Structures are given as C-alpha cells and as structure tokens.
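Quick notes on the structure that follows.
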Amino acid sequence: MKLGGRLCTLNVGGRRFSFPAELMKRFPLSRLSQLHRCGSEQELLELCDDYDWDSNEFFFDRHADAFSFIMLYVQHGKLRLQPQMCELCFYNEMLYWGLESCDLQPCCQRRLDDRLSDCFVHFFPKEERRVPEEARSHWLETLRRTLEEPTSSPLAQVLASVSVLFVVISIGMLCASTLPDWKAVETLDQHRIIEAVCIGWFTAECLVRFLVSQDKCEFVRRPLNIIDLLAILPYYVSVTMTMLTGENSQLQRAGVMLRVLRMMRIFWVIKLARHFLGLQTLGLTLRRCYREMVMLLVFVCVAMAIFSALAQLLEHGLDLEAGNQDYASIPAACWWVIISMTTVGYGDMCPVTVAGRVLGGVCVVSGIVLLALPITFIYHSFVQCYHELKVRSTRCSHRPSAELVN
C-alpha cells in the first residue's frame with residue numbers, strides 16, 4: 001500500500017493532525033514510520049484502529065492530549081510528561097507510539113521512575129517465565145543474573161550473603177594476623193587454612209562470573225572486577241614465592257613487596273559495594289561530582305597557602321629568636337591551617353600571639369564556609385544517585401507487567 005505524496009491525516013481521539021507522507025517516514029515514532037511499509041489493508045489495521053482510503057485518514061483510539069505532547073517531541077526533540085495526567089497512562093501512550101522512558105527529559109524520567117518504583121514494589125505480580133529458544137542460553141543468563149544481581153532471586157540473595165560473610169571473615173583474619181598473640185605457629189596454621197578457604201571461594205566466584213559474562217572485555221574493565229583481581233592475585237603470588245624460595249629464605253625475609261601485596265587484600269572491603277546500595281551510591285556520587293571535589297580541593301589549597309603564610313609571619317617571622325618554633329616554616333604552618341579549617345584541632349600546635357589567635361579564628365570560620373559551599377551540589381548528586389540505583393535495583397527484582405502499564 002503506497003501512501004505516495006498524499007497528505008496524511010492522523011485522527012487521534014477525535015483530534016486531527018495532518019502531515020506529508022514523506023515526513024511521516026522520518027518520524028521517530030515507530031508505529032507511524034511503519035505505516036508506509038504496509039502491503040495490505042489488514043497489515044495497516046494492525047497499526048491503527050481504522051483507515052479511510054478516500055481522505056487518507058488514519059484513526060487511533062488513543063489519548064489526544066498525550067499525543068500532542070508527543071508531537072512536541074517530534075518537533076523540538078524534547079519529551080516531557082503531560083501535567084495533570086497519570087505517569088503510567090502517559091508511559092502507556094509512549095510505548096504505544098514506540099517511545100521509551102529514556103526519551104524523556106531527566107526531570108520527567110525521575111518522576112516516572114518514582115511512580116514505577118512504587119508500583120514495582122506494591123502492585124507488580126510475579127511475571128511468568130518466558131520459554132527460551134535455547135535451554136543453554138537461558139541457563140547461562142539465569143546464572144549470570146544470580147551472580148551479578150543479588151536481588152534477582154532468593155538464590156542470588158543467599159549467594160550474596162555467603163559472599164559477604166567470606167569478605168567479613170577474610171578482613172577480620174587479616175586484621176587479627178597483625179596482633180602479637182597471632183604469631184604462634186598453631187595460630188598461623190589455622191589462619192592459613194581459613195585464608196585459603198576464603199580465597200578459594202572468591203576465586204571460584206570470580207571465575208564463574210567471568211565465564212558466564214556476555215562481554216568478557218567489558219567484564220575485565222569493570223572497576224569492581226579489577227579490585228577483585230587485585231585482591232586475589234597477592235595470595236597466589238605469595239604462595240608461589242613461598243614454594244619457589246622456601247619459608248625462611250632471604251628473599252622471603254626481605255619480601256617487603258609481598259607484605260604490601262598481602263595487605264592489598266583489605267580492598268575486599270570495596271567488594272561489599274556489590275551487595276550494598278550505600279557504597280554503590282558513594283562511588284557513583286564521587287564519579288559524578290569530581291568537578292565539585294576538585295573545586296573543594298582548590299578552595300582548601302588557596303586558603304591554606306594564604307593562612308599558612310600569614311601564620312608563619314605572625315607567629316615566627318616577626319621575631320625570629322623568640323617566635324613560636326612550631327611555625328618556623330610555611331609547610332609546618334600548613335598542617336595547622338588544614339586541621340583548623342576542618343575544625344579538627346589536634347592541639348599539637350597553636351598560636352600564642354594575639355594576632356595569631358585572631359588569624360586562627362578567621363581561619364576556622366573560613367574553613368567552615370569554604371567546605372560548605374560545594375556540599376550542596378554533592379548532597380543533591382548523592383540523593384539523585386541513590387534514587388537511580390534504588391530504582392535500578394527494584395527493576396532487577398521486579399519485571400514490568402503489561403497489566404499495570406495498561
């Protein structure tokens with residue numbers, strides 16, 4: 001069925017919209033762009049509710065006001081939710097015309113996510129499992145989601161809990177191994193057995209996750225997977241060196257690098273971010289707010305340079321013989337400035353002159369103001385990141401139901 005160069009009329013809920021047929025082919029709405037490819041009237045009626053051949057008019061029994069907002073997106077490239085309309089109803093109209101939630105502006109997308117998140121938690125029924133085309137691919141996908149998404153199933157929650165338990169045990173053993181009472185031979189043997197069990201679990205988990213991952217290169221580039229690798233390798237390096245050189249060899253006694261690598265297992269704490277939303281939010285906030293963090297660092301450095309120079313001058317520079325020796329140099333005064341601006345105040349050094357104390361008060365007040373300026377931006381970014389990760393976690397746990405959207 002060829003539309004040719006005729007003028008096409010869309011009758012949506014009784015409201016008419018006229019467009020050239022060639023223009024409709026380029027619409028980002030998949031339902032309208034498919035009209036010109038229909039070869040029969042039956043195929044055409046699968047896309048619209050009715051069609052008038054004489055007037056070349058397509059009838060759609062849909063919400064007219066929602067379609068008006070969608071046409072604004074076609075014209076200007078910005079899609080927003082219609083005021084005073086249910087978010088789910090508008091989302092249903094978007095899906096009908098071939099749009100996704102990612103086409104919305106960020107503010108409206110957050111509003112839709114809030115609504116969808118509430119519905120996921122309270123109203124979504126359990127979705128029936130789809131019958132896969134290949135049993136093997138379905139098995140791999142199920143295993144991948146079980147390992148990568150702790151909230152995807154009860155089994156995934158159990159495995160995540162076991163993984164967290166091994167992380168806590170490994171970190172506890174690492175901290176306890178530095179105590180003097182743990183230097184006994186029997187205690188060291190027990191520690192090595194527990195350490196080997198923990199590393200074995202981590203290694204098996206990492207290998208299985210790598211084997212079932214869809215993109216192996218992307219898996220290797222992920223920060224959390226890099227941390228897992230850096231935490232596992234030191235153990236195998238130290239065991240290999242022990243087997244090659246012996247327990248009491250000169251290389252083992254001088255193995256400072258091996259002790260450093262061994263201490264790198266403390267990075268297992270970051271592995272907890274895979275299972276806790278708060279740590280994920282912190283990492284995402286730091287990545288998005290690096291400009292604000294740099295700005296905060298610049299503020300502190302500029303203030304530290306100014307106040308340290310003034311403190312050195314007032315406390316030591318004006319009287320070199322009887323001056324305060326704690327402020328003998330600007331680098332030494334920088335330590336006093338940074339602990340004063342952050343309102344820590346260890347008390348290891350303090351000004352003794354009247355001018356120095358006045359400068360100290362100004363330094364403390366300035367530090368409070370300068371540190372508070374970028375905090376607002378970081379706070380709002382933290383709230384936004386927490387909201388996004390919470391919605392993403394909810395979506396992994398509950399699949400959208402067509403009954404609710406409709």
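What you see below is based on every heavy atom in this structure, not just the backbone, and it leaves out hydrogens, waters and symmetry mates. Quick caveat: nothing in here was measured; it's all calculated off a predicted structure.
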Of all heavy-atom pairs linking Phe69 and Arg80, the shortest is CD2-O, 3.7 Å

Does Phe59 CZ have over 12 foreign heavy atoms under 6.0 Å away? yes

Between Thr353 and Glu315: side-chain donor-acceptor atoms closer than 3.5 Å: yes

Nearest 0.5 Å, please: how far is CD1 in Ile339 from SG in Cys350? 9.5 Å

Tell me whether the centres of the aromatic rings in Trp335 and Tyr327 are closer together than 6.0 Å. no

Between Tyr235 and Phe202, does the ring centroid distance fall short of 6.0 Å? no

Non-hydrogen side-chain atoms of Phe382 and Phe377 separated by less than 4.5 Å: no

Glu57/Leu10 under side chain to side chain contact (heavy atoms under 4.5 Å, CB included): CA gap, chis, key distance, verdict: CA-CA 6 Å; Glu57 185 173 358; Leu10 304 180; over 6 Å; no

Do Phe17 and Phe67 pass the side chain to side chain contact (heavy atoms under 4.5 Å, CB included) test, and can you show the C-alpha distance, the side-chain angles, and the key distance before you say yes or no? CA-CA 10 Å; Phe17 304 85; Phe67 185 73; 3.5 Å; yes

Compare every heavy atom of Leu81 with every heavy atom of Glu87, then report the nearest pair and how far apart it is. CG-CD1, 3.8 Å

Where is the tightest heavy-atom contact between Met341 and Cys363, given as atom of each residue plus distance? CG-SG, 3.5 Å

Interatomic distance, Leu159 atom CG to Leu143 atom CG [nearest 0.5 angstrom]: 9.0 Å

Exceeds 12 heavy-atom contacts within 6.0 angstrom, atom CZ of Arg287: no

Are the side chains of Ile199 and Thr203 in touch, meaning some heavy atoms are under 4.5 Å apart? yes

Separation between OG1 (Thr376) and CD (Glu292), nearest 0.5 Å, reads 10.5 Å

Nearest non-hydrogen partners of Ala332 and Met349, listed with the distance: O-CE, 3.6 Å

Inspect the surroundings of CE in Met85 and state if more than 12 heavy atoms from other residues, nucleotides or ligands are less than 6.0 Å away. yes

Closest approach of Leu79 and Met94, non-hydrogen atoms and distance? CD2-CE, 3.9 Å

Checking Thr285, Thr281, Leu282, Leu284 against Tyr386 for side chain to side chain contact (heavy atoms under 4.5 Å, CB included), the one that qualifies is Thr281

Checking Met71, Arg62, Glu93 against Val12 for side chain to side chain contact (heavy atoms under 4.5 Å, CB included), the one that qualifies is Arg62

List the atom of Asp61, the atom of Asp49, and the distance in Å for their closest heavy-atom pair. N-OD2, 2.5 Å

Inspect the surroundings of OH in Tyr379 and state if more than 12 heavy atoms from other residues, nucleotides or ligands are less than 6.0 Å away. no

Would you compute the distance between atom CG of Leu99 and atom OH of Tyr91 and round it to the nearest 0.5 angstrom? 10.5 Å

Quick one: CD on Glu205 to CD1 on Ile232, what's the gap to the nearest 0.5 Å? 8.5 Å

Between Asp348 and Trp336, is there a side-chain donor-acceptor contact under 3.5 Å, judged purely by atom types and distance? no

Return the orientation label for the Phe166 and Trp201 ring planes: parallel under 30°, perpendicular over 60°, tilted otherwise. parallel

How many angstroms lie between atom CE of Met295 and atom CD1 of Ile378, to the nearest 0.5 angstrom? 7.5 Å

Is the shortest side-chain heavy-atom distance between Leu371 and Val300 below 4.5 Å? yes

